[in-house]
2 protein chains.
Amino acid sequence: MTAPTDHTAAKAGRTLISVDAMGGDEGPAAVVAGCSLSAKLNPDIAFILHGDEAQLTALVARRRELEGRCEIRHATDVVTMKDKPSQVVRTGKDTSMWSAIEAVRTGEAAVAVSCGNTGALMALSMIRLKKLPGVNRPAIAVLYPSSNPQGFNVMLDVGADVRADADDLLRFALMGTSYARNGMDIARPRVGLLNVGTEEHKGRTELKEAYDLIRDQRDQAGFEFVGFVEGGDISGDAADVIVTDGFTGNVAIKTGEGTANMIGNRLREAFKYSPLSRLASLLAYTSLMRLRRRIDPRRVNGGVFLGLNGTVVKSHGSADATGVSAAIKLAAQLSESRFNDKLAARVAATLPTEETPI
Amino acid sequence: MTAPTDHTAAKAGRTLISVDAMGGDEGPAAVVAGCSLSAKLNPDIAFILHGDEAQLTALVARRRELEGRCEIRHATDVVTMKDKPSQVVRTGKDTSMWSAIEAVRTGEAAVAVSCGNTGALMALSMIRLKKLPGVNRPAIAVLYPSSNPQGFNVMLDVGADVRADADDLLRFALMGTSYARNGMDIARPRVGLLNVGTEEHKGRTELKEAYDLIRDQRDQAGFEFVGFVEGGDISGDAADVIVTDGFTGNVAIKTGEGTANMIGNRLREAFKYSPLSRLASLLAYTSLMRLRRRIDPRRVNGGVFLGLNGTVVKSHGSADATGVSAAIKLAAQLSESRFNDKLAARVAATLPTEETPI
């Protein structure tokens, strides 16, 4: 956390993104390459890069498009994938992750991006940014490929917390609505509550309670409520926002990703099977690449932490330049739409700020 | 429930399957077609068909391979997909589903097959067959396509009950082990406990308890314990048996199926996109059909109810002849291996028969 090295980054009119450059399996080279890709695509963004100054200075110097658009903020330490969140909260002051969140806390940047340890990032974000008034449990939201016209559904929580009561689920519905409106331009998102059946009598007790709470808020909060939805609707077109607890959501998206990977692998094997099928794969190359782009998780890379004083985008740990660039694009979009202010207003307008007793 | 019309079905040496012929979206024609397909493939099976005698007699008469291998047992009523389980338990005595389970209860058949209403089938099976000693919560197990050599993983519970405590999860591990051994010929199955991360400190309290309980039984019960697994491992090769509660399991398999369907639809669109890609799909036809067979859910159609005095196979409601035939094949295999006796012995040997206080 030394003095900035390049004050031109924060130039007027630019959207400033705070980037933890050291997190992630691919190291700072992939992160800087991702920043570089974003900088080419969007002339209005600039970066505060947090991490080892010597390494980052060398990496940035090689990218002409980053000239004058990166401020490097030195951090001596790095959060590894194995560090326990509780430990990072206590002793992580000198890490690049802490420094990246700090730039959001002080208001220099509206959004931080990190490829690092999800648990540590969530814990640090909670402790440093604090929860929004009216939010008891923050959530991680992702965009899941779907057959809806917009190509994706918002799903939350996918792992901020393994629990959620009826009241939390209502707030997830409100936050998901804000996200769908600002991230996907859907004026009146359709919200579905994830359950094991669509009949009202099915499922756990807290889901029946949440059903009533969410239904009663639909008009005031400007969303449609389609009621209970099932696992198959996560990739379907029955709802735009899928609300669930962080345990179920986490298992569901990992199951979906795993299944998609298995099918992809078998498809590749099928195309390699015979000379004819190898020829076929050449002929279908363009179509298959188009398909891949539509369902490529790297294109929508980024879980968003919702419910805090500031937005944090978690990029996949294994993200390459394309993945990091997608996360930065999302961060810029949310920053430019002043998303977090709108979300805060939405939650505050709909709910009492006192915590509902559980 | 009139008198049998054809006693030759139960001829010595034949495996007798009790089939609810009226359940399912496709009606009795699809069920009888499925029986016919199975009869062609396996000369050692015979059927008790439960349902409308006039309809079934006409359908069976058209299938020469079913001659002398079907006993038709008349039932005046049918359980619909909309009937509530509690209602069916009270007033369902004259339904084909009840009659099909009854043939297992009396010991005429070891396994029953139905395409009908899952909730009603589970409720009736529980009430009529009763739980095995030592089992508090029965479970539904499915085979999920995976990258393991056997091509599938056993997963349970996928929806018998929305709850499961640590003790139930241990019994799921034992029952899943029996199923993997008798259904997939794996001598020493690897069991994984589904969680949101593989680290031991993660997840819900009951999962940490279940972790210890399952680990302590691995040698006595003859399985490997690979510890916590994640959603991506359901289709992966880290474990052969995936243990979870019925809420999470149900959401997970429906998410996986939905994602697979979405990818399949988009693949078809991609192949229709241009003349070249249409040509490619022709060239790749054989390979793509091979892929489809490997991941086609109809080929492994059948959730199995475990933990009762008798085995019940739930086929998909929308199953066609291929799907019904797959469910019957599974039923025959489980019947021939005397699976339920082995499972009962396994649970009884490992656990005290008294219920553990919850």
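The figures that follow rest on heavy atoms only: side chains count, while hydrogens, waters and symmetry mates do not. Residue numbers start from 1 in every chain, and the chains themselves are labelled A, B, ... in the order their sequence lines are given, proteins ahead of strands.
- Pairing each heavy atom of B:V251 with each of A:N195, the nearest pair is CG2-O, 4.1 Å.
- The heavy-atom pair separating B:T259 from A:A260 by the smallest distance is CG2-CB, 4.3 Å.
- Nearest heavy-atom pair, A:V162 versus B:R204, reported as atom, atom and distance to 0.1 Å: O-NH2, 3.4 Å.
- Using a distance-only test at 3.5 Å, with no hydrogens or angles considered, a donor-acceptor pair links the side chain of B:S235 to the main chain of A:G258.
- Two residues are said to be in side-chain contact when any heavy atoms from C-beta on lie closer than 4.5 Å; B:L207 and A:F247 meet this criterion.
- Interface residue B:I234: only side-chain heavy atoms are found under 4.5 Å from chain A.
- Taking the side-chain contact (heavy atoms from CB on, under 4.5 Å) definition, one finds that A:V88 meets it with A:V79, A:D83, A:A120, A:L124, sequence neighbours left out.
- Comparing B:N250, B:D233, B:T244 by how many heavy-atom pairs each has under 4.5 Å with chain A, the most go to B:N250.
- The part of B:D245 that comes within reach of chain A is its side chain, from C-beta onward, which places non-hydrogen atoms under 4.5 angstrom from that chain.
- Remark: B:I242 CD1 to A:T255 OG1 distance equals 9.0 Å, nearest 0.5 Å.
- A distance-only check finds a donor-acceptor pair linking the side chain of B:K254 to the backbone of A:V196 [under 3.5 Å].
- The two residues A:S147 and B:M262 come nearest to each other via the heavy atoms N-SD, 4.4 Å.
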